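Every value quoted in this text rests on a predicted model; they were computed, and no experiment measured them.
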Amino acid sequence: MEEAGKFATGELAALNQSGDREGCHWQDGKVTTPRGWHAAYQQFCEGGWLSLALPERIGGQGLPKLLAMAVNEMWLSANMAFVMFHALSQGGCEILLHAANAAQQARYLPALASGQWSLAMALTEPNAGSDLAPTTTKAFPLGDGLYRIKGQKLFITYGEHDLTENILHLVLARTPDAAPGSRGMSLYIVPKYRIKPDGTLGDENDLRCMSIEHKLGLHGSPTCSISYGDQDNCIGELIGNEGQGLSLMFILMNEARLSTGLQGVATGEMAYQRALSYASERMQGNHWQDNKRRVALIEHPDVARMLLSMRSRVLGLRSLAYLISARIDLANHCTDQNEQHTLLANVALLTPIFKAFATEQGHEMSSTAIQIFGGMGFIEETGVAQLMRDSRVTTIYEGTTGIQAKDLLFRKILSDRGMALRQLLDEVNACADRLLSSTALRFPAQQLMACSEQLQQVIDELLTDENAVQLRCYAGAVPLLDALGYLLTGWQLAELASSLQLAEYETTYQQNIVALAQFYTAHHLVKVPALLQTVATAETGLADYRFNT
């Protein structure tokens with residue numbers, strides 16, 4: 001953790017604003033990353049950071065995902081654009097470990113784990129965004145597991161760059177006789193440079209970066225449009241079986257969703273740190289009780305409110321991220337199948353909530369930081385405007401907030417009749433029950449119980465007559481996700497306060513955690529009943545309104 005902090009502060013953070021100003025450059029199908037990126041990447045690989053949580057047998061360090069999550073957050077706070085390749089390589093390795101044959105694993109995994117090669121995810125096409133069913137990229141079988149790939153993909157993060165000697169593209173495509181929709185999609189690994197039998201690189205494959213996007217933020221991260229098979233000579237290799245493409249890609253997408261949620265936490269942390277520093281130093285106005293005493297911004301109650309709002313949300317969301325990663329670790333090493341099933345169901349339930357809620361909150365906190373800076377926040381040189389620009393896309397990629405909410409309600413709650421959610425709410429109630437005897441934490445405990453009970457009532461109503469409330473489900477999915485996000489963040493703050501109480505010692509840190517739990521309850525947890533009321537009446541007016549152009 002200490003060494004990761006040094007690298008984040010000393011190397012990555014130093015390149016953040018310069019990389020944003022310079023951006024990436026495209027010329028004749030090749031992409032050049034900002035100055036300093038290449039040297040930082042070499043240090044990143046030499047330090048073994050890329051392979052922190054990968055298995056030792058492929059060159060990884062085999063450390064817990066929980067530890068990797070904590071380290072990743074620091075990198076994302078320091079320079080989000082730089083480290084966006086990390087989740088792709090991690091998730092790509094997990095796909096190969098799960099579905100690739102022994103020869104493919106030997107060919108690809110060691111070079112990915114070391115950072116010698118990188119990996120890109122090629123899903124989206126010009127004719128379709130998040131909906132992958134209309135995928136038109138074709139894969140023509142050549143025999144021996146090889147296919148000729150032809151099509152175009154866009155929005156490919158690090159699809160072309162100058163950091164590694166080879167780039168492996170995971171491409172969703174369908175054979176000419178494949179079934180329509182998602183059932184007909186297969187997954188192919190398409191290297192930028194073909195790989196010889198001895199593992200060395202051969203000729204360049206028939207794929208070309210046509211352009212990079214000119215984006216609102218994340219200028220140091222190349223987002224590419226790639227054309228495959230312009231000369232009908234783009235060769236890819238099937239991973240797994242035909243028709244398994246989308247299910248395999250979800251392994252990577254789930255990793256990416258957790259990483260994207262963590263970007264929301266990292267943005268909030270950076271926004272808080274910068275706003276706290278500025279508010280502590282900037283003299284502005286007089287004290288709210290003593291009109292003759294000039295004070296720093298932080299002494300104004302409204303500024304303190306905004307700072308506490310950021311601090312409490314970051315801490316609760318960080319704890320939720322660590323909870324998810326710890327349960328993935330437990331599931332990976334669990335020998336009891338029933339316990340493993342429960343853990344995986346819990347992770348599946350929490351993942352869309354964390355991805356959507358943390359990114360929305362992170363972007364909101366970047367906006368709050370600009371508010372604290374005032375006019376100076378609107379100026380690029382202070383750096384907080386970049387936070388807001390960089391974080392805006394996090395609510396969109398790897399599935400928009402609406403897509404995550406739909407996944408949560410229909411696939412994670414209604415599909416199992418609310419069983420996984422009930423088990424999660426039981427944990428929330430158990431924590432609240434422990435805190436009822438605490439004078440300082442009785443208010444958070446009571447509100448957690450009340451919100452949990454109201455949430456269960458709403459879900460029970462939706463489960464009672466699903467056909468009658470379909471429109472309500474679709475229209476109310478995002479408010480429901482938000483309600484769960486606020487509830488679970490408050491729960492994690494309460495858990496932190498509870499663990500400190502059990503330690504039976506009084507420190508400033510303990511006092512601050514209790515104060516944050518109280519503050520969060522009064523300012524954020526109280527939003528849950530209103531959001532649940534919205535869920536209960538979400539279809540109101542929706543079907544009757546007529547849009548005009």
If I take atom [atom1] from residue [X] and atom [atom2] from residue [Y], how far apart are they, to the nearest 0.5 angstrom?
X	Y	atom1	atom2	value
Leu349	Leu484	CG	CG	7.0 Å
Leu142	Ile235	CG	CD1	5.0 Å
Leu481	Lys412	CG	NZ	11.0 Å
Asn16	Asp390	CG	CG	6.5 Å
Lys355	Ser259	NZ	OG	11.0 Å
Met253	Leu123	CE	CG	5.5 Å

Give me the atom names and distance for the closest heavy-atom approach of [X] to [Y].
X	Y	value
Ala14	Ser18	O-OG, 4.0 Å
Ala321	Phe354	CB-CZ, 3.4 Å
Met310	Ala275	CE-CB, 4.3 Å
Met388	Ser367	CE-CB, 3.7 Å
Val71	Ala4	CG1-CB, 3.7 Å
Gly184	Ala178	O-CB, 3.3 Å

**Prompt:** Can you check whether Phe410 and Tyr474 have ring centres sitting under 6.0 Å from each other?
**Reply:** yes
**Request:** Provide the full list of ring pair (Phe, Tyr, Trp, His ring centres under 6.0 Å) pairs with a residue in residues 241-261, sequence neighbours left out, each pair given once.
**Result:**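 Passing the test, one end in residues 241-261: no pairs.
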**Complete:** Residue pairs passing the ring pair (Phe, Tyr, Trp, His ring centres under 6.0 Å) test with at least one member in residues 186-209, sequence neighbours excluded, are Tyr147-Tyr188
Partners passing side chain to side chain contact (heavy atoms under 4.5 Å, CB included) against [X] (at least two apart in sequence or in another chain):
X	value
Ala103	Asn101, Arg107
Lys138	Phe140, Arg174
Lys215	Glu213, Leu218, Ser221, Thr223
Thr136	Glu125, Asn127

**Request:** Give the intermediate values and the outcome of side chain to side chain donor-acceptor pair (under 3.5 Å) for residues Glu360 and Thr401.
**Result:** CA-CA 8 Å; Glu360 293 282 2; Thr401 300; 2.6 Å; yes
With no hydrogens and no angle check, do the side chains of [X] and [Y] hold a donor and an acceptor under 3.5 Å apart?
X	Y	result
Ser391	His363	yes
Asp162	Thr32	no
Tyr278	Gln273	no
Glu237	Gln104	yes

Evaluate the side-chain proximity of [Y] to [X]: yes if any heavy-atom separation is below 4.5 Å, no if none is.
X	Y	answer
Leu350	Leu323	yes
Glu495	Trp491	yes
Met365	Tyr272	no
Glu381	Ile379	yes
Leu112	Leu96	yes
Arg57	Leu97	yes
Trp37	Leu15	yes
Tyr108	Ile195	yes

**Request:** Look at atom CE of Met210 and say whether more than 12 heavy atoms of other residues, nucleotides or ligands are closer to it than 6.0 Å.
**Result:** yes
**Message:** Tell me if the NE2 atom of His98 is crowded by more than 12 foreign heavy atoms within 6.0 Å.
**Reply:** no
Please determine whether a side-chain nitrogen of the Lys or Arg among [X] and [Y] lies less than 4.0 Å from a carboxylate oxygen of the Asp or Glu.
X	Y	value
Arg257	Asp407	yes
Lys153	Glu160	no
Asp230	Arg208	no

**Evaluation steps, side-chain contact (heavy atoms from CB on, under 4.5 Å), between Leu262 and Leu76** = CA-CA 8 Å; Leu262 193 64; Leu76 290 167; 3.9 Å; yes
**Item:** From CA spacing to verdict: side-chain contact (heavy atoms from CB on, under 4.5 Å), Leu187, Leu246
**Value:** CA-CA 7 Å; Leu187 185 63; Leu246 196 58; over 6 Å; no
**Asked** Is there a side-chain contact (heavy atoms from CB on, under 4.5 Å) between Asn79 and Trp75 once you walk through the steps?
**Response** CA-CA 6 Å; Asn79 194 332; Trp75 297 333; over 6 Å; no
Would you list the atom pairs, donor with acceptor, under 3.5 Å between side chains in residues 38-54 and any protein atom, with sequence neighbours excluded?
residue	atom	partner	partner atom	Å
Tyr41	OH	Gly115	O	2.7
Ser51	OG	Gly48	O	3.3

Excluding sequence neighbours, so at least two apart, what forms side chain to side chain donor-acceptor pair (under 3.5 Å) with [X]?
X	result
Arg194	Asn205, Asn233
Tyr228	His169
Ser118	His161, Thr164

**Prompt:** Does any N or O in the side chain of Ser186 come within less than 3.5 Å of the main-chain N or O of Gly243, such that one atom is a donor and the other an acceptor?
**Reply:**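 Yes.
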**Check: Ser89 side chain, His86 main-chain N or O, donor-acceptor pair, under 3.5 Å** =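 Side chain of Ser89 to backbone of His86, a donor-acceptor pair under 3.5 Å: no, none is there.
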**Request:** For side chain to side chain donor-acceptor pair (under 3.5 Å), just list the numbers for Asn166 and Gln116, CA-CA rounded to whole Å, side-chain angles, deciding distance to a tenth of an Å, and then say yes or no.
**Result:** CA-CA 7 Å; Asn166 204 5; Gln116 183 181 358; over 6 Å; no
**Message:** Before you tell me yes or no, could you show the steps for Ser227 and Leu207 under side-chain contact (heavy atoms from CB on, under 4.5 Å), namely the whole-Å CA-CA distance, both residues' side-chain angles and the distance that decides it to 0.1 Å?
**Reply:** CA-CA 6 Å; Ser227 181; Leu207 61 94; over 6 Å; no
**Prompt:** Which pairs with one or both residues in residues 318-339 pass side chain to side chain donor-acceptor pair (under 3.5 Å), sequence neighbours excluded?
**Reply:**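 Sorted result for residues 318-339: Glu73-Arg318, Glu73-Tyr322, Glu269-Arg318, Ser319-Gln492, Arg327-Asn346, Arg327-Glu427.
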**Asked** Does anything in residues 11-23 pair up under salt bridge (Lys or Arg N to Asp or Glu O under 4.0 Å), and if so which pairs, sequence neighbours excluded?
**Response** Asp20-Arg389, Glu22-Arg35
